[in-house]
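Residue numbers start from 1 in every chain, and the chains themselves are labelled A, B, ... in the order their sequence lines are given, proteins ahead of strands.
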Amino acid sequence: MAAQKPSIPKGTRDFSPIEMVRRNYIFDTIKEVFCRYGYQAIETPAMENLSTLLGKYGDEGDRLLFKILNSGNYLDKVDEHTIKEKDQAGLSRQISEKGLRYDLTVPFARYVVQHRNEITFPFKRYQIQPVWRADRPQRGRYREFFQCDVDVIGSDSLLNEVELIQIIDDIFSKLNIKAVVKLNNRKILAGIAEVIGESDNFGHITVAIDKLEKIGIEKVNEELLGRGISQEAVDKLQPILKMEGKLKEKFPKLMEILKTSPTGIKGCEETMTVMRHLKDLGIKAKFELDLTLARGLDYYTGAIIEVKAADVEIGSICGGGRYDDLTGVFGLEGVSGVGISFGADRIYDVLSELNGFPSGFRASTKVMFVNFGEEEVKYCLPVIDRVRKAGINAELFPDAAKMKKQMSWANSNAIPFTVMAGTEEIKSKKFMLKDMTTGEQKLLSESEIIEKLK
RNA sequence: GUGGAUGUAGCUCAGUUGGUUAGAGCGCUAGAUUGUGGUUCUAGAGGUCGCCGGUUCAAAUCCGGUCUUCCACCCCA
């Protein structure tokens, strides 16, 4: 057999032991906070029916879905016409009916509708699983990555928004990441579109102004005009785009601009309520109103939340918002939800860059027993068992390899202690314990070793 | 999906205008040290120069294609 060069698909990664320790540190921190606020874990399958996924994320989202080829002789079932006409979309529909999930929110909505009889609302759940996107990989962008979602479904209360931001604050404080929370509201954006008389172009407007920070006001205006938005509307938009100042000054200005749009006013009031609570709570993270924050996902209807790391340029590390009718498409109307998603992989990248991982928690083994051969193993084995039962992580080197080999193995695995027990030690019923950091060694009894390593 | 850069030892990288046997550091293996790792010294192993094709007497080096990784756009965690 010809040796093939091993590789993994573009945008995917292996996680080696050190990375796993670090990833688990992130997951554990996140889980702990989720649980603290009363959220319960669920999981859903890696693959969903395409009918569940398609049409929920906009055209761009549909394009980025990984589709799974049907099993069996799928080609037999394709009609001649499709093949002759090279109808790609038609073909894809006929040969693929499943896809890898694109996020955790839509599968969650599906879950809620499917299990509605078992659920007592409001339902608070968290879900930590990988998702897949057929995107082109880049810094902080992978084709397989983990999302950590928390959602409350079946409650309109703005207290949920507040709670989610508290969770954001808790998690990033624990991880020592300076977070900036950006808030906006789809209703404000809808109000703006309404006030400038371009409600029909809501999508184009939000996408364009989302780029304000990146490309500047001139280019945004160009793009708006290019998208068929009237000069008059663009002119009307200018004071909103240029609005500056503190929150206290921004809101009255915004209310004034939006006064003819009840929706806009509502959005403004909602956002003010949330922010007032955050202020009272003394949130550590910076939070700000960002009118340019749009977020592409089609299903958001109220609050929009996005978190960036203050010290690392990597895109958002957490994002989410309120969706009033996500379950509607699956046949459950009038259930509002709000949720956010933490990007574990980007958080990992941020911590790497900041050197923010706690040090010195690499090896889990506390002590390694050197293997000198059959007799010595017989002498050590029961002792190792008792050491473990005393709650000390211990292991025996599996082969009676050269001492040098065994010691350097312990060394490269950063194991802090080794025990040597050969003929001499067996005779005196003792063990030679060596501290690998200082090089010091002492002849001790079993109970003294357990005492020392505890 | 569009445009740009990149690929040489396990890792990080040198490699001249195309010219003989492709180098360094780290790591790895062995010995100095037969019951002692981490320091030191000595020796050694390890490369289809991403892959396929072309130009040439001759290609790591030039050309085309392809894949990977990275960057920008699009979009997003």
Side-chain angles (χ1 to χ4, degrees), chain A residues 2-13 16 26 30 57-65 88 102-105 128-149 168 203 206-208 210-211 214-215 219 223 293-298 305-309 313-321 339-350 368 370-373 376 397 400-426 431-441 443:
Chain A
Q4 59 170 37
K5 206 176 217 174
S7 65
I8 54 174
K10 191 199 280 211
T12 64
R13 294 149 301 154
S16 296
I26 294 171
I30 289 174
Y57 309 105
D59 292 343
E60 183 70 12
D62 285 354
R63 194 170 66 79
L64 296 178
L65 276 174
Q88 201 194 339
Y102 178 89
D103 72 356
L104 300 177
T105 307
I128 298 178
Q129 286 189 278
V131 302
W132 295 269
R133 293 182 190 178
D135 212 348
R136 186 173 284 209
Q138 248 180 70
R139 171 182 164 86
R141 175 178 300 195
Y142 307 98
R143 290 182 137 180
E144 178 185 62
F145 61 97
F146 276 73
Q147 289 193 327
C148 313
D149 272 38
I168 290 172
T206 53
V207 168
D210 188 41
K211 296 178 193 163
K214 218 171 190 178
I215 63 176
K219 295 258 169 138
E223 180 163 338
L293 176 62
R295 294 191 60 80
L297 294 172
D298 281 359
I305 303 164
E306 187 166 293
V307 184
K308 291 196 166 192
E313 193 56 52
I314 199 166
S316 63
I317 50 178
C318 178
I340 49 170
S341 180
F342 291 79
D345 303 84
R346 284 190 180 172
I347 293 172
Y348 184 100
D349 292 342
V350 168
M368 185 203 83
V370 175
N371 184 329
F372 284 110
E376 292 85 346
F397 195 85
K402 281 182 195 161
M403 183 95 168
K404 189 185 166 102
K405 166 75 187 162
Q406 299 193 42
M407 292 304 279
S408 55
W409 187 86
N411 195 59
S412 59
N413 283 292
I415 294 171
F417 293 94
T418 50
V419 166
M420 284 156 281
T423 25
E424 288 303 308
E425 286 84 358
I426 293 176
F431 301 85
M432 189 63 84
L433 179 74
K434 174 160 184 162
D435 182 329
M436 295 296 277
T437 37
T438 61
E440 217 181 320
Q441 47 188 65
L443 197 61

(request) Taking all non-hydrogen atoms of both residues into account, name the closest pair between A:A421 and A:E376 and its distance. (result) O-CG, 3.3 Å

(request) Please name the pair of heavy atoms, one in A:I317 and one in A:R346, separated by the smallest distance, quoted to 0.1 Å. (result)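 Heavy atoms only, the tightest pair is CG2-CB, 4.0 Å.
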
Tell me: [atom1] of [X] to [atom2] of [N], nearest whole Å?
X      : N     : atom1 : atom2 : result
A:Y57  : B:A77 : OH    : C1'   : 13 Å
A:K211 : B:C73 : NZ    : C1'   : 9 Å
A:D149 : B:C76 : CG    : P     : 16 Å
A:I168 : B:A77 : CD1   : P     : 13 Å
A:E60  : B:A77 : CD    : C1'   : 15 Å
A:L104 : B:C76 : CG    : P     : 17 Å
A:R139 : B:C70 : CZ    : P     : 11 Å
A:L293 : B:C75 : CG    : C1'   : 14 Å

Using atom [atom1] of each nucleotide, how far apart are [N] and [M] to the nearest Å?
N     : M     : atom1 : value
B:G35 : B:G44 : C1'   : 26 Å
B:U16 : B:C63 : P     : 15 Å
B:C67 : B:C11 : P     : 23 Å
B:A22 : B:A9  : C1'   : 11 Å
B:A24 : B:U8  : C1'   : 13 Å
B:G46 : B:G10 : C1'   : 9 Å
B:A45 : B:G25 : P     : 15 Å
B:U17 : B:U12 : C1'   : 28 Å

Look at all strands and tell whether [X] reaches a base, only sugar-phosphate, or nothing, counting heavy atoms closer than 4.0 Å.
X      : value
A:C148 : nothing
A:R63  : base
A:G140 : base
A:Q147 : sugar-phosphate
A:T437 : base
A:K308 : nothing
A:G11  : sugar-phosphate
A:Y142 : base

(request) Using the closest heavy atom to pick a nucleotide of RNA chain B for each, name whichever of A:T12 or A:D345 lands nearer the 5' end. (result)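 This one resolves to A:T12.
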
(message) Judged by each residue's nearest nucleotide on RNA chain B, which is more toward the 5′ side, A:V207 or A:P9?
(response) A:P9

(request) Take the angle between the ring planes of A:Y57 and A:Y102 and call it parallel below 30°, perpendicular above 60°, tilted in between. (result)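 A:Y57 and A:Y102: tilted rings.
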
(message) Would you compute the distance between atom CD of A:E306 and atom CG of A:D210 and round it to the nearest 0.5 angstrom?
(response)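 Answer rounded to 0.5 Å: 7.5 Å.
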
G-U wobble or Watson-Crick pairing nucleotide for [N] (cut-off 3.5 Å, both distances):
N     : value
B:C49 : none
B:C62 : B:G54
B:A5  : B:U69

(request) May I ask you to decide if A:D135's main-chain N or O and A:R143's side chain share a donor-acceptor pair within less than 3.5 Å? (result)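 It does hold such a pair.
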
(message) Using only atom types and a distance under 3.5 Å, with no angle test, would you say the side chain of A:Q406 pairs donor to acceptor with the backbone of A:N371?
(response) yes

Check whether any side-chain heavy atom of [X] lies under 4.5 Å from a side-chain heavy atom of [Y], and answer yes or no.
X      : Y      : answer
A:M436 : A:I415 : no
A:R133 : A:Y142 : no
A:F342 : A:I128 : no
A:F431 : A:L443 : no

(message) Return a single string for nucleotides 28-36 of chain B, one symbol per nucleotide in 5' to 3' order, where B is base contact, S is sugar-phosphate-only contact and - is none, cutoff 4.0 angstrom on heavy atoms.
(response) ---S---BB

(message) Tell me if the side-chain of A:R136 makes a donor-acceptor pair with the base of B:U2, cut-off 3.5 Å, by modelled atom types.
(response) yes

(message) Would the base of B:A77 count as contacting A:R133 through its side chain, where contact means a donor and an acceptor less than 3.5 Å apart?
(response)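 Flag set: donor-acceptor pair detected.
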
(request) Look at the side chain of A:R346 and decide which nucleotide, out of B:C76, B:U2, B:C75, has an atom nearest to it. (result)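 Between B:C76, B:U2, B:C75, the one nearest the side chain of A:R346 would be B:C76.
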
(request) Look at the side chain of A:N411 and decide which nucleotide, out of B:G37, B:A77, B:C75, has an atom nearest to it. (result)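 My answer, after comparing the listed nucleotides, is B:G37.
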
